[in-house]
Amino acid sequence: MEGGALFPAHAEFYLNACWTMALQEAAWLAQTLGQERLLKKWRGQGRQTARLLAAKFWNKQTQFYNFAKRADGSFEAEKTIMPAVAVCFGLIPAKRAEICLRELAGPHFSTDWGVRLVSRDSPIYNPAGYHSGSVWPLFTGWLALAEYRSYRPTQGFVHLMNNMQIYREWAAGYVEEVLHGENYRPAGVCSHQAWSEAMVLLPALEGMLGLEVDALQKRITLRPAFPPQWESVTVKNIRVGEDRLHLRMRRRHKETSYHFRCDSAAPITLRFQALLPLGTRVSFLRLVGGRRFGGLEITSLRDFPEVEFELHGSAILAFTHHGGIGVIPPVFQPAVNAESTGFRLMQESWERQSLLLTVAGWPGREYQLQLFDPDHTIRALANARLVARRGEFVLLSFELEGTAPVDGPVTKTIEVMSA
């Protein structure tokens, strides 16, 4: 922090998460280069800082990570978006990560154009403050990456699109460094910010595509989390050293296929996992020239098995499926100078043949949400009503009870019951 109400701090959680990751990466470099002394030193320091982060910064009362440790040993408990970076690095236990990500996806943090650095209900909140309430596309992008890597692709896509839509306004083609926390407008500073623009690309490539490349080992990891309504995707020229991998996804009724082609003289190792809508039943999966399985129900977005194989030339991974209800990511395009008016989808889960959606917004308003139901399995709704069905798509609406602005944001759970 360079100033403001959170400054100064002796040891920020965010900065020490970056330091921990730097030590882990440095240890990897030392191991690769055969530098045993440096490997032992950096690996030990990395493990020590990781333990301290996990043990010292979690606040049981707030159920969130403290922002920083002060010089006198006490902690600054302010909730910020900063833990998203530690989640992205895999330094936070899954249960605590889910608690943090759920809150960051809610209306106190998330707006129609990105995520505030501190919560709207914080006593230090200032929507124009550089470090006390403005929206940074940089950290919106970090949160999108953390959400994709934590199997929250709907929220990840929304935050990815928050950043992507900014290029249409003000300095065309640029992405602002800082936006106002209450109204969709710049908050000064810099109109052409490279780290903001990078956070359009990284959530798309490393998040939605799930791309990781290890050129030394000739290994590529893909964990595609495309929105459920997309019927086709083509990705070209994924570099791994001097070689290139190309990917094509096609979704047809009850069947999805991934076609891989590699321009390489020698095989590459491909690790792959698809994210499918909750409730999907995979009847049969076939990897041409490789394994087969079937009889899988997706009750968590982590359920699709990870497949690893040697790719030389081309290969096809195809599977048949039925059922499943996907959420069309609720992306809102705000007007310049407008307030944030959209609702937030904080969580989705599958329990007893029902899709449970935790939503939050302002009371007294009616909102609409679109679902993807290719096999027409939706049979009933609770806390929402059916507006229309158009082919594979279902439009529902819901209201949030209460009195605005007295009650503030309201949360409710919608149940979508499946046949």
Side-chain angles (χ1 to χ4, degrees), residues 1-2 6 8-60 63-101 104 138-139 141-152 156 195 198-199 202-203 205-207 210-221 223 240-241 269 271 273 302 306 308:
M1 287 295 171
E2 300 153 308
L6 293 173
H10 175 66
E12 295 178 14
F13 179 75
Y14 151 74
L15 190 58
N16 278 277
C18 293
W19 173 237
T20 303
M21 196 63 184
L23 287 166
Q24 291 182 5
E25 295 296 326
W28 180 87
L29 286 171
Q31 183 176 34
T32 302
L33 296 172
Q35 299 288 330
E36 293 298 324
R37 182 183 64 82
L38 291 175
L39 168 62
K40 183 178 180 180
K41 174 183 177 182
W42 290 334
R43 179 178 285 170
Q45 290 178 344
R47 289 172 175 170
Q48 181 184 23
T49 55
R51 284 195 301 270
L52 289 172
L53 283 174
K56 299 293 186 181
F57 281 85
W58 179 250
N59 190 317
K60 292 181 180 179
Q63 287 293 289
F64 210 83
Y65 281 94
N66 292 321
F67 165 69
K69 184 179 181 180
R70 302 186 184 99
D72 64 2
S74 63
F75 286 90
E76 169 57 68
E78 187 67 45
K79 294 181 179 181
T80 74
I81 193 177
M82 301 302 199
V85 177
V87 176
C88 184
F89 289 155
L91 299 175
I92 291 180
K95 289 185 178 180
R96 290 181 179 178
E98 182 65 26
I99 293 172
C100 293
L101 293 179
L104 292 173
L138 169 65
F139 287 105
W142 275 116
L143 179 56
L145 280 169
E147 288 166 330
Y148 275 116
R149 291 175 180 176
S150 300
Y151 294 85
R152 292 170 58 90
W195 67 44
M199 282 305 179
L202 282 176
L205 298 175
E206 296 185 7
L211 175 63
E212 298 176 23
V213 177
D214 183 344
L216 293 181
Q217 301 297 322
K218 296 196 69 173
R219 179 189 300 273
I220 293 180
T221 298
R223 191 172 290 112
V240 52
T269 300
R271 182 183 297 152
Q273 182 185 33
R302 302 172 185 265
E306 189 175 82
E308 183 173 307

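Computed over heavy atoms, backbone and side chain alike; hydrogens, waters and symmetry mates excluded. In this chain, residues are counted from 1 in sequence order.
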>> Run N59 and F75 through side-chain contact (heavy atoms from CB on, under 4.5 Å) and show every step you take.
In response: CA-CA 9 Å; N59 190 317; F75 286 90; over 6 Å; no
What closest approach, in Å, do [X] and [Y] show between heavy atoms, and which atom pair accounts for it?
X: F64; Y: P83; value: CE2-CG, 3.8 Å
X: G241; Y: A215; value: N-CB, 3.6 Å
X: A86; Y: I92; value: CB-CD1, 3.7 Å
X: K218; Y: V240; value: CA-CG2, 3.9 Å
X: F67; Y: L6; value: CE2-O, 3.7 Å
X: A84; Y: L104; value: CB-CD1, 4.4 Å

> Which residues pass the side chain to side chain donor-acceptor pair (under 3.5 Å) test with Q217, sequence neighbours left out?
Replying inline: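 Side chain to side chain donor-acceptor pair (under 3.5 Å) list for Q217, sorted by chain: empty.
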Would you say the side-chain atoms of [X] pair up with the backbone N or O of [Y], donor to acceptor, closer than 3.5 Å?
X: E206; Y: P203; answer: no
X: E12; Y: M1; answer: yes
X: S150; Y: E147; answer: no

Can you tell me how far [atom2] of [Y] sits from [atom1] of [X], rounded to the nearest 0.5 angstrom?
X: T80; Y: N66; atom1: OG1; atom2: CG; answer: 10.0 Å
X: L143; Y: M199; atom1: CG; atom2: CE; answer: 10.5 Å
X: E306; Y: R271; atom1: CD; atom2: CZ; answer: 5.0 Å
X: T20; Y: L53; atom1: OG1; atom2: CG; answer: 4.5 Å
X: K56; Y: T49; atom1: NZ; atom2: OG1; answer: 14.0 Å

Any side-chain heavy-atom pair of [X] and [Y] under 4.5 Å:
X: W58; Y: C100; value: yes
X: F89; Y: Q24; value: no
X: R223; Y: R149; value: no
X: K41; Y: Q35; value: no

> Is there any ring pair (Phe, Tyr, Trp, His ring centres under 6.0 Å) pair reaching into residues 9-29, and which pairs are they, with sequence neighbours excluded?
Replying inline: F13-F57, F13-Y65, Y14-F139
> When you check the gap from the basic side-chain N to the acidic O, do R219 and E308 get nearer than 4.0 Å?
Replying inline: yes
